[in-house]
Amino acid sequence: MSARRFSLCVNGVERFVDVPPMARLLDVLRHELGLTGTKEGCGEGECGSCSVLMNGELVNSCLVPIAQAGGASILTIEGVGEQARLHPVQKAFLECGGAQCGICTPGMILATVHLLGKHPRPTQEEIHEGLNGNLCRCTGYMRIFEAVEKAACAMESGAME
Amino acid sequence: MQKERIVGKPVFRKEGIAKVCGAARYIDDFSLPGMIFGATVRNAIPRGRVLNIEFGPGIPWDEFTVVTAKDIPGKNYIALINQDWPCLADGFVNHPQEAILLLAHPDRQLLPLAVAAVRIEYEELPSVHSIEESELQQTIVWGDDNIIKSYVMEKGDVDAAFALPEIVIVKGEYSTGAQEHLYIENNGAIAAYSERDGVTLWGSLQCPFYAHKSLLGVTGLPEDKVRVIQVETGGAFGGKEDYPSMIAAHAVLLAMKSGHPVKIIYDRMEDMAATTKRHPSRARHRTAVTKDGKLLAADIEFCLDGGAYSTLSSTVLSRGTIHSGGPYYWPNIRVRSKAFATNTPPHGAFRGFGAPQSLFATERHMDRVAKAVGLTPEEFRRRNLLRTGETTCTGQVIRQQIDLEGWMESALDHAGYYEKRARFDRENTDSLRKKGIGLAVFLHGAGFTGSGERYLNSLVGVDATAEGRVRVLVSSTEFGQGTNTILCQVAAETLGIDYEVVEMAPADTSVVPNSGPTVASRTTMVVGGLVHSAALGLKQTLIASGLLSEPYTSDAFQNAAKSYIAKHGALCSMSRYQAPPNVYWDDQKYSGEAYAAYSWAAYVAEVTVDLTAYFVTVDDFVALQEVGRVLNPVLARGQIEGGVAQGIGYALYEKVVWDRGLMMNNQMTNYIMPTSQDLPPIRVFFEEIPFEYGAYGAKGIGELPMDGPAPAILNAIAHATGEDFNAIPLLPEDIAERLAARTSIAKEMAAV
Ligand code: FES
Ligand code: FES
């Protein structure tokens, strides 16, 4: 399939790529734009390690053809925070032990950012449901749940300052 | 004693910031100039001869690099315990998905089409696909008798005990299925080759020196021309202990032939179908017990399905055999164990390494023995749990001060066991949602079995850089379990410096010594102990040089290290493994000190069995364990919770569906692991008794939590339903079938 030009706004920056319309958003991010923080675990929409936010919605980037993402605004893990200035969700994952091998972590953090956007003080059920598209084989999820609660508290008190 | 500053504290994971920022680099995140991509053409039949290979139309074959067994410059096997596992099948295939030839091309998208275009003609031969078929020995698929390995472990006089009068004899058969590791990062490797530098291999792997050894054999290159580097690894659980050596060899063969760096990344379906899984097992127990519930003797037969090649089966079988007795005092016990070959991809290392299989049988069986003598599960265990000074089934004297009874009691208390058991018994009668609560008490030996650690002869180093930073030099790898953090904590504590000043040297065989494989819950206890003594050596060198005197600050230490290096060139201290005293092991009789230390645990599961959908939910889970000193409470909890979650999956969700050796459900859509909505609260409790010979008192922790969930859950289901389910995974259809049979029997009885 021949390449076409697509524009998308990634982590606040306008980017152009020349790729076939069926190219997966995941591959565009990783190979064309060098944003390797987004991971591939299954390639079929089951594991959520490729999660990004597209126009504020949580999507599996392995299932999104670039033709559907043209003009969209994308948030990847690289846009959530930086090593020197962690986002409260990243900080909470670090402190609570929410990342073990780390391969699910970028997707899990984006799912958490999305969840806290919808439910700033989520209940246990909302947390369990909000992360159910993101598989983690290492943690058994308990440290991740704790991190979500901690991040919610931190963001609430941050918002009040 | 001085209070510890860093050990025992929840310091952050060393590579944690990189991981939460998406900056940690895994194998698929790397690229080399001129790099091309590799893929594997695999066998489609269970067993037979390869008659012809044809490169079908529509593919520009002249652009491809093709590697077959004939291209292997060295020896055609992956070096593990034996030498029977071919790197590429050479005319004969023994299991579906066995690698036959390799392809490489610059266009990643073209490779799947090319793989599909290779047509292979076979002559199919008879094959075997279960322990039962293999033990019949009608078709021999491995050696002379299909038996990869067998052991007899015997203590006391078992036959005499079974001949005693007035005893109760309880028999049972138990089985466990294969389990897929399902690390979220698939396997992958990148290889580069030049005549001058030899081979360099980067990979997602647990054991750089295992891959190194295999590459030496396959390439025929000298040791200094083969270099293996582990990069960030996205989960392993044993699944990246053995098979990565295969992928490494494949990538290297393609790189050598093509003259380009080659990357091989498996997709999920290939990873699930082709790589190793947990060994399926069958255990038969015959137990002699007195009428008042004292265990007299066990006669156990324990079998594993090893798959088509021997790989690590003999050591998995060994651990399974030794753990067959569970945490009980047996005056007499005999375990006869065998690993059988089948035409299935080789089963391999998986967290627990044979112990989850044999302990499932033992702990399920103990509930049934208890019932046979009219005791509750907990009272029966109380009468038989090991005590300090008693001997295990290998005759090892328990020297550690243990209190299994107290720990079991404490787990039961945390779970609210007594109240719940009584309440569920009352309420279950009129409910379609039957509730149950079950218990498992167990142990897990840390480190290599028997003489294993002595053979490994691990070497560890600690050095300082010109900037005065300290590095830990080990081949022990990080794949989520916390190696980096724990070993840096131990070094920083020992040296009396800040945790931030210590870092890990890269897990690169050209940089670090061989501290043994990262397996068997040995890293914290054994390797950590060596890091401790190497760090002590470093500190003594600095003090002896006069550049440092106690007490000192972290800065003073760094300055002294800098001055030392400026003056002497390098500052490094090495430490080699020495067996703790009195360690005696007889490989022939299978007796003696099987492990330097055991960790102990009591787990309690609470379940609901829904009799309309036959679905089981685990409602609460208490995991109490004694693992020696806990060096990092956050990491330790994470290990237990993650292991329990895998154990719940093992018991209730994770079923590998086989068709003559081929995994049929090799996708995340149809092989089901627990999600965030499938787990109960996992409540973790530690008892801490420092172990004299482990780093700051630590013992092994990583595998233990895999052993207990399945039997605790099935015991709870037996309590809920009154039915003995003795096989895992236990799926709703299994429950439905059994309970339907029970209802129809009941109806027939009523009709009579
Ligand atoms: S890689 Fe996209 S959901 Fe698994
Ligand atoms: S931390 Fe390894 S998969 Fe989640």
Novice: State the CG-OG1 distance between A/Asn132 and B/Thr675, to the nearest 0.5 angstrom.
Specialist: 6.0 Å
Novice: Keeping B/Arg13 on the side-chain end and A/Ala99 on the backbone end, is there a donor-acceptor pair under 3.5 Å?
Specialist: yes
Novice: Measuring heavy-atom distances to chain A, does B/Pro633 have an atom under 4.5 Å in its side chain, in its backbone, in both, or in neither?
Specialist: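 Contact with chain A is absent: no heavy atom of B/Pro633 under 4.5 Å.
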Novice: Could you state the interatomic distance from CG (B/Leu635) to CZ (A/Arg143), rounded to the nearest 0.5 Å?
Specialist: 10.0 Å
Novice: How close do A/Gly140 and B/Ala645 get, heavy atom to heavy atom, and via which atoms?
Specialist: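 Distance-wise, the nearest heavy atoms are CA-CB, 3.5 Å.
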Novice: Do you know which of B/Glu15, B/Arg25, B/His181 has the most heavy-atom pairs under 4.5 Å to chain A?
Specialist: B/His181
Novice: Look up atom CD in B/Gln677 and atom CG in A/Leu131, then write down how far apart they are to the nearest 0.5 Å.
Specialist: 9.0 Å
Novice: Quick one: do B/Asp28 and A/Arg30 satisfy salt bridge (charged side-chain N to carboxylate O under 4.0 Å, His left out)? Show the steps, please.
Specialist: CA-CA 10 Å; B/Asp28 201 18; A/Arg30 289 179 54 84; 3.7 Å; yes
Novice: Could you state the interatomic distance from CE (A/Met142) to OG (B/Ser676), rounded to the nearest 0.5 Å?
Specialist: 9.5 Å
Novice: Chain A heavy atoms under 4.5 Å from B/Arg351: which part of the residue, side chain, backbone, both or neither?
Specialist: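 Neither the backbone nor the side chain of B/Arg351 comes within 4.5 Å of chain A.
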Novice: For A/Ser49, which atoms come within 4.5 Å of any heavy atom of chain B: side chain, backbone, both, or neither?
Specialist: side chain
Novice: What part of A/Gln124 is in contact with chain B, defined as an atom under 4.5 angstrom from a non-hydrogen atom: side chain, backbone, both or neither?
Specialist: neither
Novice: Please classify the contact of A/Ile109 with chain B as side chain, backbone, both or neither, using a heavy-atom distance under 4.5 Å.
Specialist: side chain
Novice: Does any N or O in the side chain of B/Tyr26 come within less than 3.5 Å of the main-chain N or O of A/Thr36, such that one atom is a donor and the other an acceptor?
Specialist: no
Novice: Just do the side chain to side chain contact (heavy atoms under 4.5 Å, CB included) check on A/Cys138 and B/Phe237 with the steps written out, would you?
Specialist: CA-CA 9 Å; A/Cys138 296; B/Phe237 318 113; 3.6 Å; yes
Novice: Counting only non-hydrogen atoms closer than 4.5 Å, does B/Asp29 touch chain A with its backbone (N, CA, C, O), its side chain (CB onward), both, or neither?
Specialist: both
Novice: So, does A/Gln100 use its side chain to make a donor-acceptor pair with the main chain of B/Gly638 at under 3.5 Å?
Specialist: yes
Novice: Counting only heavy atoms closer than 4.5 Å, note whether B/Val644 contacts chain A via side chain, backbone, both or neither.
Specialist: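 Contact with chain A is absent: no heavy atom of B/Val644 under 4.5 Å.
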Novice: For A/Glu82, is it the side chain, the backbone, both, or neither that has a heavy atom closer than 4.5 Å to a heavy atom of chain B?
Specialist: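 Just its backbone gets close to chain B.
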Novice: Testing the basics here: between B/Gly22 and A/Pro106, what is the closest heavy-atom pair and its distance to 0.1 Å?
Specialist: CA-CG, 4.2 Å
Novice: Let me know if B/Pro10 has heavy atoms under 4.5 Å from chain A in its side chain, its backbone, both or neither.
Specialist: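 Neither part.
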Novice: Flag yes if more than 12 heavy atoms outside A/Glu14 fall under 6.0 Å of its CD atom; otherwise flag no.
Specialist: yes
Novice: To check you understand the geometry: which heavy-atom pair defines the closest contact between B/Cys21 and A/Gln90, and what is its length?
Specialist: CA-NE2, 3.6 Å
Novice: Would you give the length of the straight line joining atom CZ of A/Phe145 to atom CG of B/Leu679, rounded to the nearest 0.5 angstrom?
Specialist: 7.0 Å
Novice: Is it the side chain or the backbone of A/His31 that comes within 4.5 Å of chain B heavy atoms, both, or neither?
Specialist: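 Contact with chain B is through the side chain of A/His31 alone.
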Novice: Checking salt bridge (Lys or Arg N to Asp or Glu O under 4.0 Å) between A/Arg137 and each of B/Glu641, B/Glu654, B/Glu180, which is the one that passes?
Specialist: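 Exactly one option meets the salt bridge (Lys or Arg N to Asp or Glu O under 4.0 Å) with A/Arg137, and it is B/Glu654.
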Novice: Heavy atoms only: give me the nearest B/Met668-A/Cys42 pair and the separation to one decimal.
Specialist: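 That would be SD-CB, 3.5 Å.
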Novice: Are A/Glu44 and B/Gln667 linked by a side-chain donor-acceptor pair shorter than 3.5 Å?
Specialist: yes
Novice: Looking only at non-hydrogen atoms, find the nearest pair between B/Thr669 and A/Glu46 and report the distance.
Specialist: CG2-OE2, 3.0 Å
Novice: Locate the shortest heavy-atom distance separating B/Thr233 from A/Cys101; write the atom from each residue and the value.
Specialist: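 Taking B/Thr233 first and A/Cys101 second, the nearest heavy atoms are O-CB, 3.7 Å.
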Novice: Give, as side chain, backbone, both or neither, the part of B/Gln639 having an atom under 4.5 angstrom from any heavy atom of chain A.
Specialist: both
Novice: Taking A/Thr105 for the side chain and B/Val20 for the main chain, is one N or O donor matched with an acceptor at less than 3.5 Å?
Specialist: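 Not a single qualifying donor-acceptor pair exists.
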